[in-house]
2 protein chains.
Amino acid sequence: MADPLETRDRILEATLELISEKGYLGATTREIAHQAGVSELTIFRKFGKKERLFEEVLKTYTFLPRLKDLIPAVENLPVQEALETIGIRFLRTLKERKCFVRIMLSEMNTYPEKVRKAYSQTIEEMVQTLRGYLIRLQAAGQLRDVPLDTAAVFFLRILFTTFMNAEILNQRDLSPAEMESTVSQLVGIFLHGVLAEETAG
Amino acid sequence: MADPLETRDRILEATLELISEKGYLGATTREIAHQAGVSELTIFRKFGKKERLFEEVLKTYTFLPRLKDLIPAVENLPVQEALETIGIRFLRTLKERKCFVRIMLSEMNTYPEKVRKAYSQTIEEMVQTLRGYLIRLQAAGQLRDVPLDTAAVFFLRILFTTFMNAEILNQRDLSPAEMESTVSQLVGIFLHGVLAEETAG
DNA sequence: CTGATATGTAAGCACTTACTTACATTAGCA
DNA sequence: TGCTAATGTAAGTAAGTGCTTACATATCAG
């Protein structure tokens, strides 16, 4: 009948959505098949077993950190603007990949190895990107002597939890306006603890 | 036979542990009964249905924020020490209630209303406590003009994610030494963005 | 001892789940 | 046209799942 690749994609997308809504155990193969507009048997012919489906979803929807591409465009901006741009982009990426993030949070307990792999390919790489940027700032004398791994991690973690709290726990849309105000407040607090000129003690 | 209250407690504790390990759907009433050293029937006699068990666990293990009791003892310390004490206490509380936190994270998607209730009785109240302390500092002229809701939220969220990342995602023990160094780094970055004397621009 | 209360054992019910088998259909390619 | 690959329908299996029923036992207060 149809294009086998297209069929496969529809199955994976249905799986992503349903697992993110109901968890791995709560998402049944019957319902996935129905939502994908496909026979349940097709799923088993293509993926063998349900667990494989799950792994394939994690592989497929691991979002490559587009933060890296952003850095060059930002490198010439004033620090505050640069960090705000990075922060907004990070929040937007999380929003776009909401289903994926939900799965990571839900299944982190029950399938830590599988989730950890997906995690290190996404958020951890974003941390490294931000850290690289901060290191260059520090080398240029713009930052005082703080541990930059920690600083980068703190910065992104605040945004991650902001997203998690609003969109997942409270199931409330994180509006662009709210994103901007959160990020600018964060950058404010973050920067004035990091800028060299303000150390003095 | 035994004390009915004691039996009830054993069931609730087994439920807490098993749901935190395997999720609500993954924890079967048979296994809970076995781990509690109790007949499966006893569970249904005491709680009626599985969902009720879940709700009762959330109610029972909601940890009352002992942060509040800490504030008076801390009010006379220098800000840095005070925040470090608060931070360490928060991390320790999370560690003690690890099972409960895991459940909150896992089931946040699938049972948001139930989890949200437990959440607001714990972490949100801690935020308010910390915010109260910061407001007093600000009134005393020790902090510059930053939004203190946001600041308090940021502070605790960083610690929450630190805990989550280490203990849940990486299933690694967060040692007292690591807790201390994380908290002191956090307070360093946090404070120098908040202290009035360093504003200047 | 009596009766109530808390628990246990055993069997099972109605239902769902992941997964399978057997057979039919459709589309495209040679 | 006929072959192959991708899918579908239908029926079913074995193993759970939450939850129930019927009946027995043990403890303890009166």
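In this text, all values refer to a predicted model and were calculated from it rather than measured experimentally. Reminder, nothing fancy here: chain letters follow the sequence lines and each chain counts from 1.
A donor-acceptor contact under 3.5 angstrom links the side chains of A/Gln185 and B/Thr150, judged on distance only.
Separating the NZ atom of A/Lys46 from the P atom of D/dA5 is a distance of 13 Å, rounded to the nearest angstrom. Whole-Å rounding puts the B/Ile32 CD1 to D/dG18 P distance at 8 Å. One can place CZ of B/Arg30 at 13 Å from P of C/dA11, the figure rounded to the nearest angstrom. Separating the CG atom of B/Leu25 from the P atom of C/dT16 is a distance of 14 Å, rounded to the nearest angstrom. Rounded to whole Å, atom P of C/dT17 lies 11 Å from atom CZ of A/Phe44. Remark: P of C/dA27 and CD of A/Glu6 are 15 Å apart, rounded to the nearest angstrom. B/His34 has its NE2 atom 12 Å from the P atom of C/dG8, to the nearest Å. To the nearest angstrom, P of D/dT20 lies 14 Å from NZ of B/Lys50.
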Only pairs under 3.5 Å count here: list side-chain donor-acceptor contacts from residues 50-57 of chain A, not counting sequence neighbours, and write none if there are none.
| unit_1 | atom_1 | unit_2 | atom_2 | d |
| --- | --- | --- | --- | --- |
| A/Lys50 | NZ | A/Tyr24 | O | 2.7 |
| A/Lys50 | NZ | A/Ala27 | O | 2.9 |
| A/Glu51 | OE2 | A/Lys114 | NZ | 2.5 |
| A/Arg52 | NH2 | A/Glu56 | OE1 | 3.1 |
| A/Glu55 | OE2 | A/Lys114 | NZ | 3.4 |
| A/Glu56 | OE2 | A/Arg8 | NH2 | 3.4 |

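Among residues at least two apart or in separate chains, salt bridge (charged side-chain N to carboxylate O under 4.0 Å, His left out) pairs with a member in residues 16-26 of chain A are A/Lys22-A/Glu31. Judged as a salt bridge (charged side-chain N to carboxylate O under 4.0 Å, His left out), the pairs with a partner in residues 97-106 of chain A (not counting sequence neighbours) are, in order, A/Lys98-A/Glu167.
Taken residue by residue, residues 11-18 of chain A places no heavy atom nearer than 4.0 Å to DNA chain C. Interface residues of residues 35-43 of chain B facing DNA chain D, ordered by number: B/Glu40, B/Leu41; criterion, heavy-atom separation under 4.0 Å.
Heavy atoms only, all atoms of each residue included: B/Ile71 and B/Arg136 are closest at CG2-NH1, 3.7 Å. The shortest heavy-atom contact between A/Ile103 and A/Leu16 is CD1-O, 3.6 Å. For the pair B/Leu91 and B/Phe163, the tightest heavy-atom approach, listed with the atom from each and the gap, is CD2-CB, 4.0 Å.
Position along DNA chain D of the nearest nucleotide to B/Gly48 versus B/Arg45 favours B/Gly48 as the more 5'-ward residue.
Annotation for B/Gln121: atom CD counts as buried by contact number, over 12 foreign heavy atoms lying within 6.0 Å.
Phosphate proximity of C/dT7 to B/Thr7: present, with a side-chain N or O under 4.0 Å from OP1 or OP2.
Applying the side-chain hydrogen bond (donor to acceptor under 3.5 Å, both in side chains) rule to A/Arg92 yields no partners; only residues at least two apart in sequence or on another chain are considered.
Heavy atoms of B/Ala33 sit nowhere under 4.0 angstrom from any nucleic acid atom.
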